[in-house]
Peer 1: 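Shown below is the structure under consideration.
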Amino acid sequence: MAMVGLFWIAEGDVYVGAKPSGLAPGARLTPEGVMALGDGQEAFFPWEDVHALAAEGVPVKSLKRNAGAVGQTVKRNVGMLLDLALGVGLGTEEAPTMTLRVTDADGGDTDLTVYTAAAIGYSQAEHDLSLELLTRLTEGAGTLHTTLAAMADWGRANGGSTPRASDREALLRTWTES
């Protein structure tokens, strides 16, 4: 599994945000449509009914966010130690989420909750390129299938490691132009 921008690519599967497990919320992009996953948001949106995709509430890296992430890591570690010592759930904390908004041809919106894959947020460039890529996926069947196929092919060939930031940005640029 590898993170590239707002996308989590696990072999040939493409997710917006982190790949969910169990009842956790998420969204998978398939050649047929957008699949909402998780407890309470199971749904399927065929591409012919999807007019627009947008991500909202995306954490973007900043100096303040980086300092906050360090503080959260310390807090989480102290919480885990307390959990172990006392046998209680004081340190449990949910992963941050963002919203994938699916707009249909009639202008109706459905908001899907997805977990973010970047612990301290996404770079501004990855954020912007990812939003551009989401828009590109709704430009028509040819663009959609070519782009998703390129992302899935990369995922199968990559071996599961997340590339460096500059490589992630290059991949996103390539996919927005395919």
Side-chain angles (χ1 to χ4, degrees), residues 1-20 24-38 41 43-62 65 95-105 107-178:
M1 294 187 275
M3 182 191 75
V4 180
L6 303 184
F7 305 94
W8 193 258
I9 304 170
E11 297 189 13
D13 296 333
V14 178
Y15 298 87
V16 177
K19 178 182 178 182
R28 182 174 167 218
L29 306 178
T30 72
E32 296 78 30
V34 179
M35 184 180 299
L37 304 167
Q41 70 174 23
F44 182 75
F45 306 90
W47 285 113
E48 56 268 11
D49 296 341
V50 176
H51 179 70
L53 291 173
E56 298 177 358
V58 178
V60 177
K61 286 182 186 177
S62 67
R65 179 173 289 283
T97 61
M98 59 187 175
T99 301
L100 176 65
R101 176 162 289 154
V102 181
T103 304
D104 65 26
D109 291 331
T110 302
D111 289 344
L112 304 176
T113 300
V114 299
Y115 285 115
T116 62
I120 60 170
Y122 301 91
S123 72
Q124 189 66 54
E126 281 186 276
H127 170 268
D128 295 347
L129 288 165
S130 295
L131 295 183
E132 186 178 333
L133 186 53
L134 285 172
T135 298
R136 182 151 176 74
L137 292 172
T138 62
E139 291 178 349
T143 301
L144 162 73
H145 292 296
T146 302
T147 304
L148 270 182
M151 294 171 80
D153 288 346
W154 177 85
R156 283 188 285 275
N158 176 50
S161 61
T162 296
R164 295 176 325 153
S166 60
D167 295 332
R168 292 191 307 266
E169 290 174 21
L171 279 167
L172 289 165
R173 280 189 186 88
T174 299
W175 295 333
T176 59
E177 297 168 359
S178 63

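In what follows, every heavy atom counts, from backbone to side chain, and hydrogens, waters and symmetry copies are set aside.
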Peer 1: Between Pro20 and Pro25, what is the shortest heavy-atom contact and its length?
Peer 2: CB-O, 3.5 Å

Peer 1: Would you sort out whether Thr135 and Leu53 count as a side chain to side chain contact (heavy atoms under 4.5 Å, CB included), showing the intermediate values?
Peer 2: CA-CA 6 Å; Thr135 298; Leu53 291 173; over 6 Å; no

Peer 1: For the atom pair CD (Glu177) and OG1 (Thr147), what is the distance rounded to the nearest 0.5 Å?
Peer 2: 10.5 Å

Peer 1: Heavy atoms, side chains only, cut-off 4.5 Å: are Trp175 and Val4 in contact?
Peer 2: yes

Peer 1: Calculate, to the nearest 0.5 Å, the distance between atoms CE and NE2 belonging to Met98 and His127 respectively.
Peer 2: 9.0 Å

Peer 1: So with a 6.0 Å cut-off around NE2 of His145, is the heavy-atom count from everything else above 12?
Peer 2: yes

Peer 1: Side chain of Trp47, backbone of Thr30: donor and acceptor closer than 3.5 Å?
Peer 2: yes

Peer 1: Rounded to the nearest 0.5 Å, what separates atom CD in Glu32 from atom CG in Leu144?
Peer 2: 9.5 Å

Peer 1: Do you know the tightest heavy-atom contact between Leu6 and Ser130?
Peer 2: N-OG, 3.0 Å

Peer 1: Please report the closest heavy-atom contact between Ala2 and Asn158, naming both atoms and the distance.
Peer 2: CB-ND2, 3.5 Å

Peer 1: Does any part of the side chain of Asp111, heavy atoms only, come nearer than 4.5 Å to the side chain of Arg101, both counted from C-beta?
Peer 2: yes

Peer 1: Tell me, do Val34 and Leu29 make a side-chain contact under 4.5 Å, heavy atoms counted?
Peer 2: yes

Peer 1: Take Thr116 and Val58, measure what side chain to side chain contact (heavy atoms under 4.5 Å, CB included) needs, and give me the verdict at the end.
Peer 2: CA-CA 8 Å; Thr116 62; Val58 178; 5.9 Å; no

Peer 1: Assess whether side chain to side chain contact (heavy atoms under 4.5 Å, CB included) is satisfied between Phe44 and Asp49, documenting all intermediate values.
Peer 2: CA-CA 10 Å; Phe44 182 75; Asp49 296 341; over 6 Å; no

Peer 1: To the closest 0.5 Å, what do you measure between CE (Met151) and CG (Asp13)?
Peer 2: 11.5 Å

Peer 1: Do Val60 and Tyr122 come close enough that some side-chain heavy atom pair is under 4.5 Å?
Peer 2: no

Peer 1: With heavy-atom distances below 4.5 Å as the criterion, would you say the side chains of Glu169 and Glu126 are in contact?
Peer 2: yes

Peer 1: Side-chain contact, heavy-atom cut-off 4.5 Å: Glu132 with Leu129?
Peer 2: yes

Peer 1: Distance check, rounded to the nearest 0.5 Å: Trp8 atom CH2 versus Arg28 atom CZ?
Peer 2: 16.0 Å

Peer 1: Applying side chain to side chain contact (heavy atoms under 4.5 Å, CB included) between Val16 and each of Thr99, Leu112, Leu133, Leu100, report the one that passes.
Peer 2: Leu100

Peer 1: Looking only at heavy atoms, which two atoms of Pro163 and Arg168 are closest? And how far apart?
Peer 2: O-NH1, 2.7 Å

Peer 1: Work out which heavy atom in Ala24 is nearest to a heavy atom in Tyr115; give both atom names and the distance.
Peer 2: CB-CE1, 3.6 Å

Peer 1: Determine the minimum heavy-atom distance between Ala27 and Val114, stating which atoms define it.
Peer 2: N-CG1, 3.6 Å

Peer 1: Quick check for you: to the nearest 0.5 Å, what is the distance between Leu134 atom CG and Thr176 atom OG1?
Peer 2: 11.5 Å

Peer 1: Checking side chain to side chain contact (heavy atoms under 4.5 Å, CB included) for the pair Phe45/Asp104: CA distance, chi angles, key distance, verdict?
Peer 2: CA-CA 9 Å; Phe45 306 90; Asp104 65 26; over 6 Å; no

Peer 1: Taking Met3's backbone N and O only, do any of them form a donor-acceptor pair with Thr162's side chain (distance below 3.5 Å, no angle check)?
Peer 2: yes

